[in-house]
Amino acid sequence: MRCLYCGYEDSKVIDSRAADEGRTIRRRRECFNCGRRFTTYETIEDTPVLVVKSNGARQAFDAQKIKNGIIKSCEKRPVSMNSIDEMVLAVTKEVYNSMEQEISSKAIGELVMTELKKYDEVAYVRYASVYRSFKDISSFLEELQHLMEGKK
């Protein structure tokens, strides 16, 4: 780290501590050349992920939208809020771990359905019926048959 005062390119860390609720590390440094002390902050680079909608529009990824959709599909089902938070966290991690700057809304929907299937099949079918926009009862029955085959 370059010294703020003399521009020397080497310093030692004297003290490190978490700041900003653990999202930043504050470091006190001392320059090897002039001996003066200065503070630096280290943060995680937050690169936004854009969601590409089916109509081509792009918007920032919002985990709250996923949570709202999952809550709606789990209405009157024995799924705890803790489980819903776990599903949202799993989907969010998957989106950010993909290392892509853009992800399709279809891919996010598939991730949500994968998580819902683990917790509650009725909630999964509810979400799938809206997400896949079943046109008629036969397409709905096809999805149910795939679900039943997966249980065997």
Side-chain angles (χ1 to χ4, degrees), residues 1-134 143-144 146-147 150-151:
M1 181 63 63
R2 183 171 295 192
C3 176
L4 178 67
Y5 305 105
C6 71
Y8 191 68
E9 291 192 16
D10 206 6
S11 62
K12 68 178 177 180
V13 175
I14 298 169
D15 180 44
S16 288
R17 63 180 67 173
D20 193 24
E21 297 175 357
R23 293 181 295 211
T24 304
I25 297 176
R26 177 185 181 273
R27 300 193 195 281
R28 282 297 286 163
R29 296 178 176 272
E30 184 177 314
C31 177
F32 283 128
N33 186 45
C34 68
R36 293 182 74 178
R37 294 183 177 186
F38 57 98
T39 303
T40 60
Y41 293 91
E42 182 179 317
T43 60
I44 295 173
E45 184 178 3
D46 187 20
T47 54
V49 174
L50 295 179
V51 177
V52 181
K53 309 290 255 174
S54 57
N55 66 0
R58 287 166 169 72
Q59 59 184 209
F61 174 76
D62 184 3
Q64 188 61 46
K65 285 186 176 183
I66 292 169
K67 187 173 188 175
N68 293 342
I70 292 173
I71 287 172
K72 196 164 272 203
S73 66
C74 292
E75 236 171 58
K76 298 182 183 178
R77 298 297 306 156
V79 180
S80 69
M81 202 60 194
N82 190 37
S83 297
I84 291 171
D85 288 337
E86 288 174 11
M87 286 186 259
V88 172
L89 184 61
V91 170
T92 302
K93 279 184 179 178
E94 196 69 34
V95 167
Y96 283 105
N97 286 342
S98 73
M99 301 299 286
E100 298 293 326
Q101 291 181 341
E102 294 184 344
I103 186 167
S104 71
S105 58
K106 183 176 182 172
I108 293 173
E110 293 294 330
L111 291 171
V112 171
M113 286 193 299
T114 300
E115 289 301 313
L116 275 169
K117 194 185 283 189
K118 295 175 191 174
Y119 287 88
D120 189 273
E121 291 175 342
V122 172
Y124 163 79
V125 172
R126 284 179 180 172
Y127 189 89
S129 69
V130 172
Y131 171 72
R132 292 206 173 125
S133 58
F134 296 133
E143 187 64 36
L144 288 175
H146 287 304
L147 192 60
K151 290 192 93 165

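Just so it is clear, the structure is predicted and the values come from calculations on it, not from any experiment. In what follows, every heavy atom counts, from backbone to side chain, and hydrogens, waters and symmetry copies are set aside.
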>> Determine whether Lys118 and Glu115 satisfy the following criterion, salt bridge (Lys or Arg N to Asp or Glu O under 4.0 Å), listing intermediate values before the conclusion.
In response: CA-CA 5 Å; Lys118 295 175 191 174; Glu115 289 301 313; 3.0 Å; yes
> How long is the span from the CE atom in Met113 to the OH atom in Tyr127, to the nearest 0.5 Å?
Replying inline: 7.5 Å
> Rounded to the nearest 0.5 Å, how far does CD1 of Ile66 lie from CD1 of Ile71?
Replying inline: 12.0 Å
> Closest heavy-atom contact between Gly35 and Glu30?
Replying inline: O-CG, 3.6 Å
> Between atom CZ of Arg28 and atom CZ of Arg37, what is the distance when rounded to the nearest 0.5 Å?
Replying inline: 7.0 Å
> What distance do Ser80 atom OG and Tyr119 atom OH have between them, rounded to the nearest 0.5 Å?
Replying inline: 8.0 Å
> Which residues pass the side chain to side chain contact (heavy atoms under 4.5 Å, CB included) test with Leu4, sequence neighbours left out?
Replying inline: Phe38
> What pairs meet the salt bridge (Lys or Arg N to Asp or Glu O under 4.0 Å) rule with one or both residues in residues 89-100, with sequence neighbours excluded?
Replying inline: none
>> For Cys34 versus Cys6, what's the shortest heavy-atom pair and its separation?
In response: SG-SG, 3.9 Å
Which donor-acceptor pairs under 3.5 Å do side chains of residues 54-61 form with protein atoms, sequence neighbours excluded?
residue, atom, partner, partner atom, Å
Asn55, OD1, Ala57, N, 2.9
Arg58, NE, Glu102, OE2, 2.8
Arg58, NH1, Gly56, O, 3.1
Arg58, NH2, Glu102, OE1, 3.3
Gln59, OE1, Lys65, NZ, 2.7

>> Is there a side-chain contact between Leu116 and Met87 in this structure, where contact means two heavy atoms from C-beta onward sitting under 4.5 Å apart?
In response: yes
> Under the side chain to side chain contact (heavy atoms under 4.5 Å, CB included) test, which residues partner Ala107, sequence neighbours left out?
Replying inline: Ile103, Ser104
> What's the verdict on side-chain contact (heavy atoms from CB on, under 4.5 Å) for Arg126 and Glu75, showing C-alpha distance, side-chain angles and the deciding distance?
Replying inline: CA-CA 10 Å; Arg126 284 179 180 172; Glu75 236 171 58; 4.1 Å; yes
> Of all heavy-atom pairs between Arg2 and Gly7, which one has the smallest distance, and what is that distance?
Replying inline: CG-O, 3.3 Å
> Taking only residues at least two apart or on different chains, which pairs with a member in residues 76-91 satisfy salt bridge (Lys or Arg N to Asp or Glu O under 4.0 Å)?
Replying inline: Lys67-Asp85, Arg77-Asp120
> How many angstroms lie between atom OG1 of Thr39 and atom CZ of Arg29, to the nearest 0.5 angstrom?
Replying inline: 10.0 Å
>> Looking at every non-hydrogen atom in both residues, tell me the closest pair between Cys74 and Ile84 and how far apart they are.
In response: CB-CD1, 4.3 Å
> Hey, mind stepping through Cys3 and Asn33 against side-chain contact (heavy atoms from CB on, under 4.5 Å) and telling me if it holds?
Replying inline: CA-CA 9 Å; Cys3 176; Asn33 186 45; over 6 Å; no
> What pairs with Asn68 under side chain to side chain contact (heavy atoms under 4.5 Å, CB included), at least two apart in sequence or on another chain?
Replying inline: Gln64
> With a cut-off of 6.0 Å (strictly less than), are more than 12 heavy atoms of other residues, nucleotides or ligands near CE of Met81?
Replying inline: yes
> Just how far is it from atom CZ of Arg26 to atom CZ of Arg17, taken to the nearest 0.5 Å?
Replying inline: 6.0 Å
